[in-house]
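Worksheet: one structure, shown below.
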Amino acid sequence: MNYTDFDKTAAYKQLAGLPTKGFNFRSVLDAARVQKCATPMAGELTFSWAAKAVDDAVLKQLQALADEQELIAKYKALLNGEIMNTGEKRKVLHQLTRGQQGQPVVENGKDLGDFYRKELARFCEFADAVQAGKLKGSTGKAFRTVVQIGIGGSDLGPRALYLALENWAAKEGKKKLNAQFISNVDPDDGSAVIASLALEECLFVLVSKSGTTQETLANELFVKDKLGKAGLDSSKHMIAVTSETSPLARNAAYLDSFYIDDYIGGRYSSTSAVGGCVLSLAFGAQVFKDFLSGAAQADKMALETDILKNAALLDALIGVWERNFCGYPYTAVLPYSQALSRFPAHLQQLDMESNGKRVNRNGQPVSYSTGPVVFGEPGTNGQHSFFQLLHQGTDIVPLQFIGFVDSQRGDDVIVDKSTSQTKLAANLAAQIVAFAKGQDDADGNKEFPGHRPSSLIYGKRLTPQALGSILAHFENKVMFQGFVWNINSFDQEGVQLGKILTKKVLAGNSGDSALEAYSKILGI
């Protein structure tokens with residue numbers, strides 16, 4: 001298979017020769033384009049790219065780019081267990097946690113797909129036992145709250161997904177346990193969460209693949225101290241999600257342990273036990289399996305070679321066009337759904353930790369831009385915050401909207417002849433057109449230049465299947481962009497230097513006068 005730096009491809013040269021100005025949304029964006037520029041997704045969702053500044057000439061060269069860089073072939077190689085994390089020389093198997101799309105992946109005689117399926121069955125069975133009251137805390141009380149202790153991918157994804165399904169589950173009668181999350185080593189985080197809980201009714205999920213994550217282990221000891229002071233046996237109130245080789249595995253200090261491995265990166269781990277334990281405990285095993293089915297179907301659809309029939313691939317390629325040829329360094333994720341309030345934070349890690357790289361997969365510097373800066377907030381909150389810059393600022397920021405016809409709870413009221421959900425949808429539709437077409441005005445302060453491109457993922461209602469589809473869509477989008485840029489989207493060396501220096505500070509031997517000075521003013 002051919003691994004080539006992006007700017008060495010023939011498609012790069014062809015794309016660089018295409019105009020990036022002059023796309024007139026006012027004349028082009030009409031009902032016919034909205035109907036035409038739509039690609040089906042899994043989970044009964046649709047990806048609309050009508051408000052993206054791409055014409056047939058651009059799309060033709062993006063298809064040529066996908067073919068030349070062998071994006072689907074590389075995706076298949078990843079699914080089949082080839083080493084795709086070149087920095088750490090590891091397979092990349094997060095798609096395998098939600099279904100077998102490629103051939104069986106075997107490592108040292110171990111069928112890894114079977115391993116993930118067995119772990120899924122184990123933690124689903126555990127969740128069933130907790131919900132049935134067969135497993136209880138050390139005072140004999142049933143568990144009513146599950147608290148996840150983790151950081152980074154062990155927190156952002158699972159927290160975002162829990163919040164995304166909480167209202168749906170309450171409406172559908174699927175809510176089993178409340179969930180809380182402790183991530184920051186700042187003691188105020190753990191203290192605030194603990195203060196709100198009845199500890200004897202709490203089950204804690206400690207998540208650390210290595211079993212050595214500094215912040216997570218500090219929070220574990222913080223929680224154990226609180227449990228001990230309350231007269232509770234922490235081993236009856238805590239489970240671990242870790243690797244089979246970590247010190248947390250098969251450890252009597254935990255009620256049970258569930259396993260992942262080095263082939264599942266933290267930011268890609270929500271469909272493993274990292275997200276599965278807390279979501280199954282909160283909503284029931286079947287809800288988590290429905291979520292997995294949406295992700296698996298999205299993974300299957302991402303194998304399509306025609307970019308106009310492959311939403312994740314098309315989204316990725318349009319993003320490359322905007323990043324590398326239009327020169328847009330940012331992208332905003334704007335879900336018009338309060339349920340997705342933490343989803344932009346998860347996508348920040350997913351995208352920026354994956355594709356925030358300046359060297360190719362062989363460690364050599366690249367001479368083109370890679371991953372964008374990602375940020376966002378749910379609508380309509382963002383409209384009253386940073387949309388001013390998006391509409392009239394000096395930078396054009398591509399936008400990624402997400403919206404639904406119906407709310408999750410269906411609890412609404414009519415004011416001024418329309419419901420709140422209708423008002424939410426009206427705001428979303430208005431923003432897409434306002435960003436694209438703008439507004440002329442003799443008063444420059446009231447002029448909107450327009451030409452702010454956006455995409456829209458939409459569907460009837462945010463369900464577990466739809467959520468799985470959205471998660472996998474963005475994971476696969478990031479993967480395809482990494483393949484285009486010939487970078488390794490699956491390691492995160494950029495987080496290591498700060499960890500090393502932190503350990504030196506705590507050990508009192510940093511050897512750097514500036515580091516010592518900063519440490520001193522911070523009370524260390």
Side-chain angles (χ1 to χ4, degrees), residues 123 126-152 154-170 173-208 213-242 248 251 253-258 270 273-285 287-288 338-339 341-342 345:
F123 65 71
F126 179 86
D128 289 343
V130 169
Q131 290 149 7
K134 296 178 181 177
L135 292 174
K136 297 181 179 180
S138 55
T139 63
K141 287 195 174 183
F143 294 117
R144 303 203 179 279
T145 301
V146 53
V147 184
Q148 180 120 325
I149 306 172
I151 197 166
S154 300
D155 170 77
L156 289 166
R159 188 193 296 249
L161 299 177
Y162 171 77
L163 293 174
L165 292 179
E166 187 177 22
N167 275 326
W168 175 89
K174 303 293 186 181
K175 186 75 175 290
K176 309 294 185 181
L177 275 70
N178 292 316
Q180 296 283 347
F181 297 82
I182 299 173
S183 61
N184 201 329
V185 74
D186 182 341
D188 284 343
D189 184 17
S191 181
V193 172
I194 294 297
S196 69
L197 302 174
L199 286 178
E200 57 186 337
E201 298 176 350
C202 290
L203 176 64
F204 293 86
V205 182
L206 180 71
V207 184
S208 174
T213 310
Q214 182 192 79
E215 298 95 331
T216 300
L217 296 185
N219 279 325
E220 177 194 15
L221 294 177
F222 185 91
V223 168
K224 285 183 173 179
D225 178 67
K226 296 292 185 183
L227 290 169
K229 289 176 178 176
L232 303 173
D233 180 355
S234 63
S235 69
K236 303 296 184 184
H237 288 263
M238 191 170 288
I239 64 174
V241 176
T242 190
L248 308 182
N251 190 319
Y254 308 102
L255 193 58
D256 208 336
S257 297
F258 302 96
S270 291
V274 171
C277 284
V278 65
L279 294 177
S280 296
L281 286 161
F283 305 128
V287 171
F288 183 67
Q338 187 61 28
S341 61
R342 290 296 292 170

Compare all side-chain heavy atoms of [X] with those of [Y] and state whether any distance is below 4.5 angstrom.
| X | Y | value |
| --- | --- | --- |
| L227 | F204 | yes |
| V241 | F123 | no |
| Q148 | V207 | yes |
| E220 | S208 | no |
| P158 | L279 | no |

- side chain to side chain contact (heavy atoms under 4.5 Å, CB included) between V146 and V130: does it pass, once the steps are laid out? CA-CA 10 Å; V146 53; V130 169; over 6 Å; no
- Set of residues satisfying side-chain contact (heavy atoms from CB on, under 4.5 Å) with respect to A192, sequence neighbours excluded: none
- Item | Derivation and outcome, side chain to side chain contact (heavy atoms under 4.5 Å, CB included), residues W168 and V287 | CA-CA 11 Å; W168 175 89; V287 171; 3.9 Å; yes
From [X] [atom1] over to [Y] [atom2], what is the distance, rounded to the nearest 0.5 angstrom?
| X | Y | atom1 | atom2 | value |
| --- | --- | --- | --- | --- |
| E200 | R144 | CD | CZ | 10.5 Å |
| Q180 | I149 | CD | CD1 | 12.0 Å |
| N251 | D256 | CG | CG | 11.5 Å |
| D186 | E215 | CG | CD | 11.5 Å |

- Message: By the definition side-chain contact (heavy atoms from CB on, under 4.5 Å), identify the one residue from V193, L203, N178, L199 that meets it with T145.
- Response: N178
Tell me whether [X] contacts the main-chain N or O of [Y] through its side chain, where contact means a donor paired with an acceptor under 3.5 Å.
| X | Y | value |
| --- | --- | --- |
| T216 | G150 | no |
| N219 | N184 | yes |
| Q131 | S280 | yes |
| Y162 | V278 | no |

Contact summary for [X] and [Y], nearest pair of heavy atoms:
| X | Y | answer |
| --- | --- | --- |
| F283 | A169 | CD2-CB, 3.4 Å |
| L161 | S270 | CD1-CB, 3.5 Å |
| C277 | F258 | SG-CD1, 3.8 Å |
| G190 | I182 | CA-CG2, 3.9 Å |

I'd like a table of donor-acceptor pairs (distance under 3.5 Å, sequence neighbours excluded) in which one partner is a side-chain atom from residues 230-240, with atom names and distances.
| from | atom 1 | to | atom 2 | distance (Å) |
| --- | --- | --- | --- | --- |
| D233 | OD1 | S235 | N | 3.0 |
| D233 | OD1 | S235 | OG | 2.7 |
| D233 | OD2 | S235 | OG | 3.2 |
| H237 | ND1 | C202 | O | 2.9 |
| H237 | NE2 | S138 | N | 3.0 |
| H237 | NE2 | S138 | OG | 3.0 |

- Query: Above 12 or not: heavy atoms from other molecules or residues under 6.0 Å from NZ of K224?
  - Reply: yes
